Amino acid sequence: METVRYEFGLRFGDLLLLLIPLLVGLGFWFVSCQASQPASRPRPTHDLSVRRTRDLTGNPAVKWFLRGVAIFCSVLFVGVSISYLSDFLYLKERYENGDYLTVEGYVQSLTTVRFPDKGGDRFEIDGVEFAYSQGDASLHGYRREAQHGGVVTREGQYLVIRYIPDPYTEINHILYIAEKEAP
């Protein structure tokens with residue numbers, strides 16, 4: 001009997017991560033709009049001991065710099081979002097059409113990490129190597145490490161994995177994991 005432990009789908013956490021450049025861009029745009037507004041000036045004082053500071057909020061160069069950063073962040077958001085969604089839809093279409101490879105067997109050479117910045121988990125089944133890290137947003141498909149409740153937790157597990165190899169990065173995108181009793 002096969003127990004499905006993971007199946008390919010859209011990650012809403014990744015979508016929220018994609019929104020960061022957009023929110024930063026909106027923030028810079030808002031600040032640039034505030035910088036173009038004339039600030040209410042205090043009444044001039046005749047006390048010469050008061051030192052006057054230079055007010056940059058009315059400076060057009062500052063306003064256009066802030067707007068340039070806002071536009072850059074927005075373009076970055078659009079570019080990264082299009083790339084992410086096109087990769088996702090490509091893999092989804094291939095998965096739904098059955099255009100994937102399947103490997104079945106015992107987990108071997110399992111390496112788990114305690115700290116995600118040191119890499120990710122790795123294992124092998126029947127000579128096919130899989131490597132993934134929860135922090136790698138460029139990797140579509142399964143990427144939950146064992147320390148965060150991942151499926152692959154010990155050597156000797158008998159798994160069925162459907163995957164699509166990426167010819168450019170030589171990474172195997174895991175699209176399906178099922179645990180089975182050993183034959």
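Just the heavy atoms: all of them, side chains too, but no hydrogens, waters or symmetry mates, feed the values below. Predicted model only: the values in this text are computed from it and were never measured.
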Distance-minimising heavy-atom pair for I174 and Y6
O-CE2, 3.6 Å
Determine the minimum heavy-atom distance between L91 and H173, stating which atoms define it.
CD1-CG, 4.1 Å
For residues E2 and V160, report the shortest heavy-atom separation together with the two atoms involved.
OE2-CG2, 3.7 Å
May I ask you to say whether D99 pairs ionically with R162, meaning some side-chain N is under 4.0 Å from a carboxylate O?
no
Could you pull out all residues at least two apart from R5 that satisfy side-chain hydrogen bond (donor to acceptor under 3.5 Å, both in side chains)?
E179
Would you name the heavy atoms of F88 and H140 that are closest together and state the gap between them?
N-CE1, 4.2 Å
Verify whether the ring centers belonging to Y142 and Y132 lie closer than 6.0 Å.
yes
Measure across A131 and I171 and return the closest heavy-atom pair with its distance rounded to 0.1 Å.
O-CG2, 4.5 Å
Could you tell me which residues satisfy side-chain hydrogen bond (donor to acceptor under 3.5 Å, both in side chains) with Y158, sequence neighbours excluded, listed by chain and number?
E104
With ring pair (Phe, Tyr, Trp, His ring centres under 6.0 Å) as the test, pick out the partner of Y163 among F130, Y95, Y100.
F130
Counting only heavy atoms not in F65, do more than 12 fall under 6.0 Å of its CZ?
no
Which pair of non-hydrogen atoms, one from N172 and one from E129, has the smallest distance, and what is that distance?
ND2-O, 2.8 Å
Give a yes or no on whether F28 atom CZ has more than 12 heavy-atom contacts from other residues, nucleotides or ligands under 6.0 Å away.
no
Contact check, side chains of I161 and T102, non-hydrogen atoms, under 4.5 Å:
no
